[in-house]
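Okay, structure first, notes after.
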There are 2 protein chains.
Amino acid sequence: MPEIDTCEISFIDENKVKAVQRNIPLEGTVNQLSVIFKLMGDPTRLKIILALSMEELCVCDIALLLGLTRSAISHQLRLLRGPRLVKFRRAGKLVYYSLDDQHVKHLLKDGLEHLSD
Amino acid sequence: MPEIDTCEISFIDENKVKAVQRNIPLEGTVNQLSVIFKLMGDPTRLKIILALSMEELCVCDIALLLGLTRSAISHQLRLLRGPRLVKFRRAGKLVYYSLDDQHVKHLLKDGLEHLSD
DNA sequence: ATTACGAGTGAACAATTGTTCATATGTTTG
DNA sequence: CAAACATATGAACAATTGTTCACTCGTAAT
């Protein structure tokens, strides 16, 4: 038998919902924010970020560190460059990457603290 | 012609790499951490988390708030329950969800700050 | 007990993602 | 310029993911 899986009755608590609705960031902001978290949500990229939180490193060394090809690392660094999680500088044939700002470190710290509660 | 895409030469800067290698968290910790970030990296789940950072809400109201089915929300909340990002309590037929601890709020704050730099 | 309804679950599908392979850039050195 | 090498990129593939659909579970009320 057909069944509609949406709440036919209105809100359980309309006031709360309306208040939340007003205070949720704009769609665009939420999406940008989710991009940041999604990028940090892959083990390979997270290791890259953790490594860069300690030392500025070139692509080749990151690849060796993680046991992946330079190509794979390059692809991931490209993604991280987009929303400015990492920055880079050229030094001859090498390209050195580092974290772009301090917030990323804070995210790492808060995340690690959550794990040990 | 066949080509091997791994650094045949050793590390560019072996000391730095070794130091980083020693200080990177254990594989398991990195994975757990990446799970947290990945969960926050989906717009739907992030909106749920943002909503719950303001108010305790039942599944039905979250579904209405986001314009998705209760089933979809239920699936996502199940994922968020795993690593204890959210907790819940029953109240009759309703189940109310809220953030499990304060670290998640900090993660939201740091992330939003990163966006406005 | 039966009905009603909010919440949870499993299967399935389209869409997205991470890596590899092959090739292209760009820079330094001969 | 040509060769060597670090990095970047595009296409393609398998693997993962988010939502929907259909159904079940749990609680409350008649």
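Chain letters run A, B, ... following the sequence lines, proteins first, then strands; residues in each count from 1. It should be emphasised that the depicted structure is a prediction, and the values quoted were computed from it without experimental measurement.
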Hey, is the side chain of B:Arg70 poking within less than 4.0 Å of OP1 or OP2 on C:dA7, counting only N and O atoms?
no
Over how many whole Å does the gap from B:His75 atom NE2 to D:dT20 atom C1' extend?
8 Å
Just compare D:dA8, D:dT20, C:dG6 and give me whichever is closest to any side-chain atom of B:Leu68.
D:dT20
Could you check whether A:Arg90 makes a cation-pi contact with A:Tyr96, meaning its NZ or CZ is under 6.0 Å from the centre of the six-membered ring and within 45° of the ring axis?
no
Between D:dT9, C:dA7, D:dA6, spot the one nearest the side chain of B:Ser74, thanks.
C:dA7
Taking atom types as they are modelled, would you say the side chain of B:Thr69 forms a donor-acceptor pair with the base of D:dC21 within the 3.5 Å cutoff?
no
Between D:dT7 and A:Ser71, counting only base atoms on the nucleotide and side-chain atoms on the residue, is there a donor-acceptor pair under 3.5 Å?
no
Look at the side-chain N and O atoms of B:Gln76 and state whether any lies under 4.0 Å from the OP1 or OP2 oxygen of D:dT19.
yes
Which part of the nucleic acid, if any, lies within reach of B:Phe88 when heavy atoms closer than 4.0 Å are counted: base, sugar-phosphate only, or nothing?
nothing
Out of D:dG18, C:dG6, C:dT9, which has the shortest distance to the side chain of B:Leu79?
D:dG18
Could you tell me whether B:Tyr97 contacts a base, only the sugar-phosphate backbone, or nothing, with contacts defined as non-hydrogen atoms closer than 4.0 Å?
sugar-phosphate
Is there a side-chain contact between A:Leu46 and A:Leu108, using heavy atoms and a 4.5 Å cut-off?
yes
So does B:Arg78 get a side-chain nitrogen or oxygen closer than 4.0 Å to the phosphate oxygens (OP1/OP2) of C:dG8?
no
Upstream residue (5' side of DNA chain C) when A:Arg90 and B:Cys58 are each assigned their closest nucleotide
B:Cys58
Less than 4.5 Å apart, side chain to side chain, heavy atoms only: is that true for A:Asp100 and A:Leu85?
no
5'-most by nearest nucleotide on DNA chain D - A:Val59 or B:Thr44
A:Val59
Relative to the ring of A:His103, is the ring of B:His114 parallel (under 30°), tilted (30 to 60°) or perpendicular (over 60°)?
perpendicular
A:Lys93 vs B:Arg81, nearer the 5' end of DNA chain C by closest nucleotide
B:Arg81
Between C:dT17 atom C1' and B:Asp42 atom CG, what is the distance in whole Å?
13 Å
Show your working on salt bridge (charged side-chain N to carboxylate O under 4.0 Å, His left out) between B:Lys87 and B:Glu56 and close with a plain yes or no.
CA-CA 10 Å; B:Lys87 60 175 188 268; B:Glu56 181 193 54; over 6 Å; no
Is there a side-chain contact between A:Lys38 and the phosphate of C:dT17, meaning an N or O under 4.0 Å from OP1 or OP2?
yes
A:Leu77 atom CG is separated from D:dT7 atom P, nearest whole Å, by 10 Å
Within this structure, what is the CZ-to-C1' distance between A:Arg45 and C:dT17, rounded to whole angstrom?
8 Å
